[in-house]
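Quick caveat, the model's predicted, so the values are computed rather than measured. What's counted below: heavy atoms across the whole structure, side chains too, no hydrogens, waters or symmetry copies.
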Amino acid sequence: MQTLLINGTWRTPRERLALDVVDPSTGKTFAEIGRGRADDIDDAVTAARASLSDSWGQFTALERSRVLLRAASLVSGQADELAKLEARETGKPLRVARAEIDVVARYFEFYGGAADKVGGHVIPYLAGHNAVATREPLGVTAHIIPWNYPAVMFGRSIAPALAVGNATVLKPAEDACLTTLKLAQILLDAGLPAGALNVVTGTGDEAGAALAAHPGIDFISFTGSPRVGTLVQQAAAINHVRCVLELGGKSPQIVFDDADLDAALPVIVNAIVQNAGQTCSAGSRVLIARDSYASFTARLAEAFSALQVGAPEHDAACGPLINRTQLERVTRFVDRASRDGVAILARGRIKDGTSPDGYFFAPTLFGNVPRDHELARDEVFGPVLAALPFDSEEHAIALANDTPYGLVTGVWTRDGDRQARMARRVRSGQVFINCYGAGAGVELPFGGFGRSGYGREKGLAALEEMSAVKTVVHRYG
Ligand code: NAD
C-alpha cells in the first residue's frame, strides 16, 4: 500500500484507501496499491515545486545526465525482475516484457546522453547587443500514462522531462503500475533528489483528474483514450498549461502488388497481435491491392489460424487483454461486426491450460470491411485486424486517411517513386516503408494528427516539447 512516492518517501495515501491489482491471466488479485486522491496530488506537486528551488533545480545538465545514465544501467541490471513484474501485471509474454525493459533502459540512456547537449543559439540583432535564445525547463510536469506499456511509457515520458530539468509528478494507470514504482525507486537509487519525481497511484477520475487540474503544474503529458484526452485538455485550458496528447490510432498497413509479401506478412500480423492489439500504433487495418487481395488475405488467414494466446509463461503470440471491461469491449466490436455481416476470415485460439477466468481473446481477422464500418474507423484496442481492398494508389491514400486518427502508417511497395508519394500524402505522425514498428525507436519523434493527439514525444522532439525557449538580449557599451 506504500505506493505513493512523495518528496523521496514511500507512503500510503492520506485517506489510506486501496485498490486491487488483478493478474489478467487469472482474474485474481495479487497486489494492492494506494488510492491516492486530490490531497495526495497536492503533496506531490508541492514537493516537485520545492525540488526546483532546493535540490534538483540546482543540478547542472551534466549532473542530470549522470543520474539518467546511472538509472539506465540499473534498469539493465534488474531487467529480468522488472520483466517478470511487467508480464504479471499486464499479461504479456515474458520475452516481450523483457524486450520492453531494454527499451526503458534505452530511454534513460538516450535522454541521459542528450541532457548536457541541449543548447540555444545566438541571434543576429542590433549593434551593441547580444541576443541569445536558450532553453529552460517548464517547471513541474505532470505525466498520466496508460496500462498497455507501463514501463516503456514511464521511460518515454519521465526521462526527457528530467533531462531538461523539470520536476515531475506521475499518475500511472490503476490496472498496471507496479513496474513504474520499481522504476521510480531505481531513479532514487541513481541519485535523483527527493521531489524531482513523485508518484501518486490511484484512479483516473480521482488522482488523474486532480493532477490534470492542479494549478501548480506547467505541462501535461497524457497517453490514453480520446475521451480522457478531451477532459485533460479542458483542465489544462483553465490553467493555460501546455499538453502533449497521444490518444491512439487506426493505423493502416498498405500493401501494393509489387511488395515483398513474404517480408510483409509476419510484420503485418505482429503489428496487430503484439500486446494483444492494445497498442496505440497497432496496425489495425490492412489495405491490400485488389489483384493481390484474395491471395494475401488467404495467407493472412492461415497465419491468424496458427496464432495462440496464452499466459506470460506460455510464450504465446500474445497474452490476455488487460481487464474484463476491455474484454467485453473488444467482444462487442466483434459481435457487432458479425451481426452486420462482416466476414470473419480466421481466428486464432486460446492455448490449453489457460485460466478460464483470464481475459483471453482470440486474434480475429475480418475481410472486406466496408470503409464506413466502425471496424474500419474506430480503435478496437484488441487483436482484431480489418482487411480492405483498394483499386489504385489514389484509392489507397483515400482509405488510409479516412479515419479521424493519424498516428502511424506502413507502406509496402518496391516502387521508390510510390514510396515517396505515399510518405508525403498519408496523414500520419510516422510512416514506415517496408517495415513497421513504433515501439522500439526511442530516437524517432512520435505523435499524431487529428484524434491521435498532438505534440511529439520520443527523440530530441520530446526535449523541445518539455522545455521553453527564453530569449535574452544584452546591450553592451
Ligand atoms: P483511459 O484514457 O481512461 O486511461 C489512461 C490514463 O488516464 C490512466 O492512467 C487513467 O487512470 C487516466 N485517467 C482516466 N480518467 C482520467 C481523468 N478524468 N483525468 C485524468 N486522467 C484520467 O484509458 P482506459 O480506460 O484505460 O482505456 C480505454 C480506451 O482508451 C482503450 O480501449 C483504448 O482505446 C484507449 N487507450 C489508448 C491508449 C494509447 O496508448 N493511446 C492506452 C490506453 C488506452
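With a 4.5 Å cut-off on side-chain heavy atoms, Asp340 and Glu374 do not count as touching. Looking at heavy atoms from C-beta onward, Leu211 lies in side-chain contact with Val169 at the 4.5 angstrom threshold. Using a 4.5 Å cut-off on side-chain heavy atoms (C-beta onward), Val75 and Leu82 make contact. Side-chain contact between Ile397 and Phe390: absent, with no pair of heavy atoms (C-beta onward) separated by less than 4.5 Å. At a threshold of 4.5 Å between non-hydrogen side-chain atoms, the residues Val199 and Thr3 do not count as touching. The shortest distance between side-chain heavy atoms of Val22 and Asn323 does not fall below 4.5 Å. Put simply, the side chain of Lys458 does not reach to within 4.5 Å of the side chain of Phe110, judged on heavy atoms. For the pair Leu178 and Ile33, the minimum side-chain heavy-atom distance is below 4.5 Å.
The structure places CH2 of Trp147 at 11.0 Å from CD of Glu174, a figure rounded to the nearest 0.5 Å. Atom-to-atom distance recorded for Leu183:CG and Glu86:CD is 8.0 Å, nearest 0.5 angstrom. For the atom pair Lys84 NZ and Gln78 CD, the distance stands at 12.5 Å (nearest 0.5 Å). The line from CD1 of Ile186 to CG of Leu197 is 12.0 Å long, rounded to the nearest 0.5 Å. Note: Thr179 OG1 to Glu81 CD = 10.5 Å, rounded to the nearest 0.5 Å. Rounded to the nearest 0.5 Å, atoms OG (Ser25) and CG (Leu321) are 10.5 Å apart.
Lys92 pairs in a side-chain hydrogen bond (donor to acceptor under 3.5 Å, both in side chains) with only one of the listed residues (Gln274, Glu100, Gln278), which is Glu100. No option in Thr403, Val408, Ile272 other than Val408 meets the side-chain contact (heavy atoms from CB on, under 4.5 Å) test with Ser251. Just one of Ile268, Ile433, Val286 meets the side-chain contact (heavy atoms from CB on, under 4.5 Å) condition when paired with Trp412; it is Ile268.
Formation of a donor-acceptor pair under 3.5 Å by the Asn7 side chain with backbone atoms of Ala47 is not found in this model. Side-chain N or O atoms of Arg70 include none that pairs as donor or acceptor with a backbone N or O of Gly191 at under 3.5 Å. One N or O on the side chain of Asn198 and one on the backbone of Gly195 form a donor-acceptor pair closer than 3.5 Å. Under the 3.5 Å distance criterion, the side-chain polar atoms of Ser53 are matched with a main-chain donor or acceptor of Ala50. Ser65 contributes no side-chain N or O that, together with a main-chain N or O of Ala61, makes up a donor-acceptor pair within less than 3.5 Å. Judged by distance alone, the side chain of Ser452 and the main-chain N or O of Gly248 form a donor-acceptor pair under 3.5 Å. Put simply, the side chain of Asn166 gets close to the backbone of Gly139: a donor and an acceptor are under 3.5 Å apart. Formation of a donor-acceptor pair under 3.5 Å by the Thr409 side chain with backbone atoms of Val426 is not found in this model. Listed for the Thr168 side chain is a donor-acceptor partner under 3.5 Å among the backbone atoms of Ala196. Between the Arg451 side chain and the Leu247 main chain, no donor and acceptor come within less than 3.5 Å of each other.
Here the closest non-hydrogen pair linking Pro363 and Val273 is CB-CG2, 4.3 Å. Contact detail for Ala235 and Ala212: the closest heavy-atom pair is CB-O, 3.7 Å. The shortest heavy-atom contact between Leu407 and Cys280 is CD2-O, 3.4 Å. Between Gly165 and Leu52, the shortest heavy-atom contact is O-CD2, 3.6 Å. Taking every heavy atom of both residues into account, Ala161 and Thr141 meet most closely at CB-OG1, 3.7 Å. Between Cys243 and Phe219, the shortest heavy-atom contact is C-CE1, 4.4 Å.
Salt-bridge formation is not detected for the pair Arg35/Glu32: no Lys NZ or Arg NE/NH1/NH2 atom is positioned less than 4.0 Å from an Asp or Glu carboxylate oxygen. Between Glu394 and Arg421, no side-chain nitrogen of the basic residue sits less than 4.0 Å from a carboxylate oxygen of the acidic one, so the salt-bridge criterion is not met. Here Asp378 does not pair with Lys250 in a salt bridge; the nearest charged N to carboxylate O distance is not below 4.0 Å. The residues Lys182 and Asp189 are annotated as not salt-bridged, no charged nitrogen and carboxylate oxygen being separated by less than 4.0 angstrom. Ion pairing of Glu246 with Arg156 is present here, as a side-chain N (NZ or NE/NH1/NH2) and a carboxylate O approach within less than 4.0 Å.
With a 6.0 Å radius and a threshold of 12 heavy atoms from other residues, nucleotides or ligands, Arg66 has its CZ atom at or below the threshold. Lys470 NZ: 12 or fewer foreign heavy atoms inside a 6.0 Å radius. No more than 12 heavy atoms of other residues, nucleotides or ligands lie within 6.0 Å of CZ in Arg324, so this atom counts as exposed by the packing criterion.
Between the side chains of Asp205 and Thr203, at least one donor-acceptor pair of N or O atoms lies under 3.5 Å. For the residue pair Ser284 and Glu379, no side-chain donor N or O sits within less than 3.5 Å of a side-chain acceptor on the partner. No side-chain N or O of Thr90 forms a donor-acceptor pair with one of Tyr149 less than 3.5 Å apart.
With a 6.0 Å cutoff to the six-membered ring centre and a 45° limit on the axis angle, Arg106 does not count as a cation-pi contact of Phe108. A cation-pi contact links Arg456 to Phe449, judged by a cut-off of 6.0 Å to the six-membered ring centre and 45° from its axis. Note that Arg88 lies in the cation-pi zone of Phe30, set by a 6.0 Å cut-off to the ring centre and a 45° limit from the axis.
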task = Check step by step if side chain to side chain contact (heavy atoms under 4.5 Å, CB included) holds for Val442 and Tyr111.
result = CA-CA 9 Å; Val442 309; Tyr111 289 111; 5.7 Å; no

ask   = Passes side chain to side chain contact (heavy atoms under 4.5 Å, CB included), Thr60 versus Glu63? Steps please.
value = CA-CA 5 Å; Thr60 63; Glu63 288 165 338; 3.3 Å; yes

task = Might you work through the side chain to side chain contact (heavy atoms under 4.5 Å, CB included) test for Arg64 and Trp56, ending with a clear yes or no?
result = CA-CA 8 Å; Arg64 294 199 300 271; Trp56 182 234; 3.5 Å; yes

task = Could you please spell out the steps behind the side chain to side chain contact (heavy atoms under 4.5 Å, CB included) verdict for Val164 and Arg135?
result = CA-CA 8 Å; Val164 288; Arg135 284 217 162 253; over 6 Å; no

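The aromatic rings of Tyr125 and His129 stand perpendicular to each other, their planes meeting at an angle above 60°, with 30° marking the opposite boundary.
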